[in-house]
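Note sheet for the following structure.
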Amino acid sequence: MPHPPGQDRTVVDLPAGRLRGAREGGLTVFRAVPYAAPPVGDLRWRPAQPHAGWSGTRDATAEGPSAPQMYLEGGDPVLGGHGSPPFDEDCLTLNLWTPAADDARRPVLVWIHGGGFVSGSGSLPGYSGETFARDGDLVVVSINYRIGPLGYLYPGDGEGDPAGEGGNFWLTDQLAALRWVKENIASFGGDPDCVTVAGQSGGAVSTAALAGHPQTAGLIRRVILQSPPFGLDLPGPQAYLERTAAYLELAGAKDLAELRTLPWPELIGAGAGLFARTVRWGYWPTPFLPVIDGVTLCGHPAEALLSGAAAGVDVMIGWTREEANFGFALDEGYAAATREQVTERIAETFGNEAAEGVYAAYERARPGARPADVLMDLVTDELFRVPAVRLAEARGGTDRPVWAYQFDLPTPAYEGRLGAAHCLELPFVFDNFDRWSHAPFLAGLAPAVRDGLARAMHRAWIAFVRTGDPNHPGLPRWRPYDTRTRTTMRFDSVVTALDDLAGASRLLHAPDPLI
């Protein structure tokens with residue numbers, strides 16, 4: 001509960017126990033706050049359970065561990081690192097930033113990190129809630145949850161799932177975190193009835209799944225979906241059990257009981273082996289995926305936003321112009337792709353008869369395109385842009401607005417090969433480039449252009465969290481997306497509201513494509 005005037009505002013009493021945070025940059029910050037029981041021992045591959053609480057005053061001034069994941073010292077050549085040690089299974093914690101632990105009932109922003117379902121952390125410096133809390137007078141929560149094999153492995157029925165609990169342990173974690181927010185956020189100056197959940201990439205899939213979940217009725221008012229890969233074909237139980245069998249073989253275990261005896265680094269190592277088993281040329285690698293198990297997840301998260309309680313949730317959705325460049329543009333194997341290879345890949349989606357015409361359409365849209373460029377535009381459309389537009393089209397015909405955007409500013413890094421790649425909008429949304437100094441993909445951006453665009457985006461996100469409308473004086477008029485104008489905000493060095501910005505992709509991927 002909030003404290004009377006004159007008392008220490010860094011100490012908060014919760015039903016679970018007393019917490020002590022710290023003052024940082026004019027904000028009160030609480031780190032590594034447990035929202036569920038540690039998922040260890042018998043709780044491995046079980047739904048998140050309530051935390052037992054603690055006695056005395058729990059120190060909440062230091063970061064807790066991130067979820068176990070693969071880690072390469074120095075990180076990857078684009079982001080420079082998705083997560084950072086230490087890692088530990090006891091990771092179901094959240095970080096919280098607030099202007100004051102008082103009774104002001106500020107709007108709340110809950111951030112869910114992405115990372116291809118196998119990496120990432122809510123504790124990354126780039127996901128600090130400092131800028132949103134300070135600039136928007138918001139309470140910001142960033143969560144850690146189970147990822148990779150510990151969060152996404154599907155145990156199946158029978159011995160692995162005697163209680164019919166299903167899979168998607170990541171989702172049970174996030175549901176527990178949202179319940180924690182509902183029950184506790186008022187003690188930190190937040191409004192439990194004005195919660196926006198935002199996520200990027202895999203975190204945007206999580207956000208949609210949460211918005212459509214029957215257990216979140218009344219917990220979410222708004223969602224922001226940044227680059228959701230809604231084009232993923234999510235498996236049902238039987239299809240996923242083939243992956244589970246392959247994973248057990250790689251881990252050298254005969255069943256889940258044996259897996260529970262293995263140290264987590266061995267589980268992560270076996271997950272790396274599953275990458276090699278599941279990779280397909282021309283497709284984004286996804287060794288672990290959400291499973292439509294009929295228990296925790298009954299349909300594709302994108303569909304969940306069109307019916308039930310989620311139909312009344314405010315939605316902002318967007319994508320970057322060249323999403324797929326993130327995973328393909330720096331790969332020399334893809335750079336050497338031939339027209340024949342890419343046409344064959346196109347045929348897997350459009351059929352053999354249409355493949356040449358689709359290739360030519362992508363070529364026309366990007367003069368001078370190499371086969372690799374056509375492939376990257378195809379993957380961007382299939383996985384990100386077209387499914388997002390389809391959601392906007394479906395919502396655009398209702399009385400609940402959806403706001404659509406495309407991030408277009410290319411990065412000069414790597415001689416411009418990345419373009420406006422997946423993840424590039426993140427430091428602009430958070431407006432905290434000092435926290436992204438480790439990220440190679442930001443090299444060479446002109447500070448004046450960079451900072452001006454960041455201010456425009458950051459303030460739009462704040463406006464949406466506060467009011468459900470992203471407009472502010474620093475933007476051209478941003479109208480909701482509807483099936484008449486299809487207004488989409490183009491975030492570039494010059495910010496412009498355009499009608500049907502993704503029209504060429506939308507029509508090409510229509511049921512009866514215009515080729």
Side-chain angles (χ1 to χ4, degrees), residues 94 107-114 122 127 129 132 136 138-143 145 170-171 173-175 177-179 181-182 185 190-230 232 290 297 299-319 384 387-396 398-405 407 425-426 429-430 457-458 460-471 478 480-481 488-489:
L94 54 85
V108 179
L109 172 62
V110 177
W111 175 255
I112 303 181
H113 73 78
Y127 299 150
F132 276 113
L138 307 175
V139 178
V140 183
V141 176
S142 183
I143 68 171
Y145 58 94
W170 57 275
L171 182 57
D173 297 345
Q174 295 167 6
L175 286 167
L178 275 186
R179 285 192 289 269
V181 168
K182 181 69 171 182
I185 207 68
D191 183 352
D193 298 322
C194 188
V195 174
T196 298
V197 181
Q200 186 264 350
S201 194
V205 174
S206 293
T207 299
L210 289 166
H213 200 283
Q215 293 182 25
T216 62
L219 301 186
I220 301 173
R221 182 178 288 189
R222 302 180 180 105
V223 294
I224 301 175
L225 307 167
Q226 296 177 209
S227 301
F230 283 155
L232 288 172
L297 195 61
H300 198 292
E303 297 168 2
L305 285 166
L306 300 176
S307 60
V313 171
D314 297 325
V315 177
M316 182 198 296
I317 189 168
W319 55 90
F384 299 99
V389 169
R390 285 175 179 156
L391 175 62
E393 291 273 311
R395 295 265 315 197
T398 71
D399 60 355
R400 298 300 298 184
V402 56
W403 311 85
Y405 72 87
F407 182 87
E425 92 287 1
L426 285 165
V429 166
F430 280 84
M457 294 186 72
H458 182 59
W461 264 239
I462 288 170
F464 183 80
V465 171
R466 295 194 66 86
T467 69
D469 184 331
N471 282 284
W478 188 351
Y481 189 104
T488 307
M489 189 61 74

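Remark: L225 CG to L391 CG distance equals 7.0 Å, nearest 0.5 Å. Here the CG atom belonging to L426 is positioned 6.0 Å from the CD atom belonging to Q226, to the nearest 0.5 angstrom.
Between W111 and Y127, the gap from one ring centroid to the other is short of 6.0 Å.
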Check: What do the steps show when you test D469 against W478 for side chain to side chain contact (heavy atoms under 4.5 Å, CB included), and what is the final call?
Finding: CA-CA 9 Å; D469 184 331; W478 188 351; over 6 Å; no
Check: After noting the C-alpha distance and the side-chain angles of R222 and M316, does the key distance pass the side chain to side chain contact (heavy atoms under 4.5 Å, CB included) rule?
Finding: CA-CA 8 Å; R222 302 180 180 105; M316 182 198 296; over 6 Å; no
Next item on the list: For the pair R400 and V315, evaluate side chain to side chain contact (heavy atoms under 4.5 Å, CB included) and give the outcome as yes or no after the intermediate values.
Entry: CA-CA 8 Å; R400 298 300 298 184; V315 177; over 6 Å; no
Next item on the list: Take T196 and V108 through the test side chain to side chain contact (heavy atoms under 4.5 Å, CB included) and record every step on the way to the result.
Entry: CA-CA 6 Å; T196 298; V108 179; over 6 Å; no
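Each of Y481, W461, W319 was checked for a ring pair (Phe, Tyr, Trp, His ring centres under 6.0 Å) with Y405, and the lone residue meeting it is W461.
Ring geometry, F430 versus F132: the interplanar angle exceeds 60°, so the pair is classed perpendicular (tilted spans 30 to 60°).
Among pairs with a residue in residues 192-208, those fulfilling salt bridge (Lys or Arg N to Asp or Glu O under 4.0 Å) read R105-D193, K182-D193, at least two apart in sequence or across chains.
Listed by chain and number, the residues in a side-chain contact (heavy atoms from CB on, under 4.5 Å) with V313 are I220, V223 (sequence neighbours excluded). For R390, there are no salt bridge (charged side-chain N to carboxylate O under 4.0 Å, His left out) partners, not counting sequence neighbours.
Pairing each heavy atom of G468 with each of W403, the nearest pair is O-NE1, 3.2 Å.
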